[in-house]
Amino acid sequence: QVHLAESGGGLVQAGGSLRLSCVGSGRPLRNYNMAWFRQAPGRERIYAAAMHWSGATTYYDDDVKGRFTISRDNAKNTVYLQMNNLRPEDTAVYYCAADSSQYVNLAPSFYNDWGQGTQVTVSS
């Protein structure tokens with residue numbers, strides 16, 4: 001099991017940027033597929049971005065494609081989500097999650113290890 005801790009959320013105006021960080025402990029994140037999920041009030045948790053453990057492949061939900069970038073720094077055991085051109089509809093709690101499967105899965109049910117979440121609020 002890997003412990004995950006997110007940070008970097010906050011309040012930002014529409015059009016602004018934030019970078020979320022997810023620091024892992026207990027095991028190296030380089031062995032895991034990593035994903036960022038988000039959950040708005042009253043709505044289900046959905047994926048925003050995901051990355052294969054090798055770093056070779058990334059996936060983005062259509063709503064964030066071209067605005068968000070997932071990356072990892074194995075030396076720091078950290079995964080990032082750079083969010084640009086934020087919109088009010090991006091407001092949600094953002095979670096990072098780790099999955100040890102061979103292939104990337106985009107459904108939350110495949111992920112066993114989760115962080116506590118960080119709130120992102122985008123004002124109009």
Side-chain angles (χ1 to χ4, degrees):
Q1 183 178 4
V2 59
H3 178 73
L4 302 172
E6 305 97 334
S7 62
L11 174 64
V12 63
Q13 289 187 331
S17 298
L18 285 173
R19 188 177 78 158
L20 306 183
S21 299
C22 173
V23 179
S25 60
R27 293 189 178 183
L29 295 185
R30 65 176 180 268
N31 296 332
Y32 292 85
N33 301 319
M34 298 298 299
W36 286 94
F37 290 84
R38 59 184 184 174
Q39 187 168 19
R43 306 192 71 174
E44 64 179 357
R45 191 174 298 187
I46 59 174
Y47 105 100
M51 172 180 278
H52 189 256
W53 62 264
S54 68
T57 311
T58 56
Y59 304 82
Y60 296 96
D61 182 75
D62 287 344
D63 287 342
V64 309
K65 196 172 295 182
R67 302 187 296 123
F68 290 12
T69 303
I70 186 172
S71 62
R72 67 169 74 206
D73 184 336
N74 290 334
K76 296 182 178 180
N77 216 33
T78 301
V79 175
Y80 303 98
L81 185 67
Q82 177 68 44
M83 306 186 295
N84 297 329
N85 192 21
L86 283 161
R87 304 166 180 169
E89 53 265 39
D90 294 319
T91 295
V93 178
Y94 284 71
Y95 300 89
C96 70
D99 170 34
S100 59
S101 302
Q102 181 178 4
Y103 301 106
V104 173
N105 296 292
L106 304 180
S109 58
F110 285 94
Y111 290 79
N112 294 319
D113 298 306
W114 293 83
Q116 81 287 352
T118 185
Q119 176 70 47
V120 171
T121 304
V122 184
S123 63
S124 57

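In this text the structure is predicted, and so the values were computed from the model without any measurement.
- In plain terms, the two heavy atoms of Pro108 and Arg45 that are nearest each other are CG-O, 3.5 Å.
- The backbone N or O of Ser7 lies less than 3.5 Å from no partner atom in the side chain of Thr118, so there is not a single donor-acceptor pair.
- Taking 4.0 Å as the cut-off between side-chain N and carboxylate O, Lys65 and Asp62 count as a salt-bridged pair.
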| request: Given side chain to side chain contact (heavy atoms under 4.5 Å, CB included), test Leu29 with Met34 step by step and report yes or no. | output: CA-CA 8 Å; Leu29 295 185; Met34 298 298 299; 4.1 Å; yes

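- The main-chain N or O of Tyr60 is found under 3.5 Å from a side-chain atom of Tyr47 such that the two form a donor-acceptor pair.
- Taking CG from Leu20 and CZ from Phe68, the interatomic distance works out to 8.0 Å, rounded to the nearest 0.5 Å.
- Under a 3.5 Å cut-off, the side chain of Gln82 and the backbone N or O of Ile70 do not form any donor-acceptor pair.
- Atom NE2 of residue His52 and atom OH of residue Tyr59 lie 7.0 Å apart, to the nearest 0.5 angstrom.
- A distance of 13.0 Å separates SG in Cys22 from OH in Tyr95, rounded to the nearest 0.5 Å.
- Note: Trp114 and Phe37 meet the aromatic proximity criterion, with ring centroids under 6.0 Å apart.
- Side-chain contact, Asp73 with Thr78: no donor N or O sits under 3.5 Å from an acceptor N or O.
- Among all heavy-atom pairs drawn from Val64 and Ala48, the shortest one is CG2-O, 3.3 Å.
- Salt-bridge formation is detected for the pair Arg38/Asp90: a Lys NZ or Arg NE/NH1/NH2 atom is positioned less than 4.0 Å from an Asp or Glu carboxylate oxygen.
- Looking only at side-chain heavy atoms (C-beta outward), Thr121 and Val12 stay at 4.5 Å or farther from each other.
- The neighbour count for Gln13 CD, taken as heavy atoms of other residues, nucleotides or ligands under 6.0 Å away, does not exceed 12.
- Under the 4.5 Å side-chain criterion, counting only non-hydrogen atoms from C-beta, Met51 is in contact with Arg72.
- Taken from CH2 in Trp53 to OG in Ser101, the straight-line distance is 12.5 Å, to the nearest 0.5 Å.
- Nearest approach of Thr91 to Ala40, heavy atoms of both residues: O-CB, 3.8 Å.
- One distance of note links OG of Ser100 with CD of Gln1; it measures 11.5 Å at 0.5 Å rounding.
- With hydrogens and angles left out, the side-chain atoms of Asn105 and Asp99 include a donor and acceptor closer than 3.5 Å.
- Closest non-hydrogen pair, Asn77 versus Arg30, comes out as OD1-N, 4.5 Å.
- The same ILVMFWY cluster, assembled from side-chain heavy atoms under 4.5 Å apart, contains both Leu4 and Tyr32.
- The distance from the CG atom of Leu86 to the CD atom of Glu89 is 10.0 Å, given to the nearest 0.5 Å.
- No side-chain heavy atom of Asn84 sits under 4.5 Å from any side-chain heavy atom of Leu18.
- Shown here for Ser25 and Val2, the closest heavy-atom pair between the two residues is O-CG2, 3.4 Å.
- One hydrophobic cluster holds both Phe110 and Leu106 under the rule that ILVMFWY side chains link at heavy-atom gaps under 4.5 Å.
- Put simply, the side chain of Gln39 never gets that close to the backbone of Ile46: no donor and acceptor are under 3.5 Å apart.
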| request: Report the C-alpha distance between Arg87 and Asp63 in whole Å, list the side-chain angles of each, state the deciding distance to 0.1 Å, and finish with yes or no for salt bridge (Lys or Arg N to Asp or Glu O under 4.0 Å). | output: CA-CA 10 Å; Arg87 304 166 180 169; Asp63 287 342; 5.9 Å; no

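- A continuous path of ILVMFWY side-chain contacts below 4.5 Å connects Val79 to Met83, so both sit in one hydrophobic cluster.
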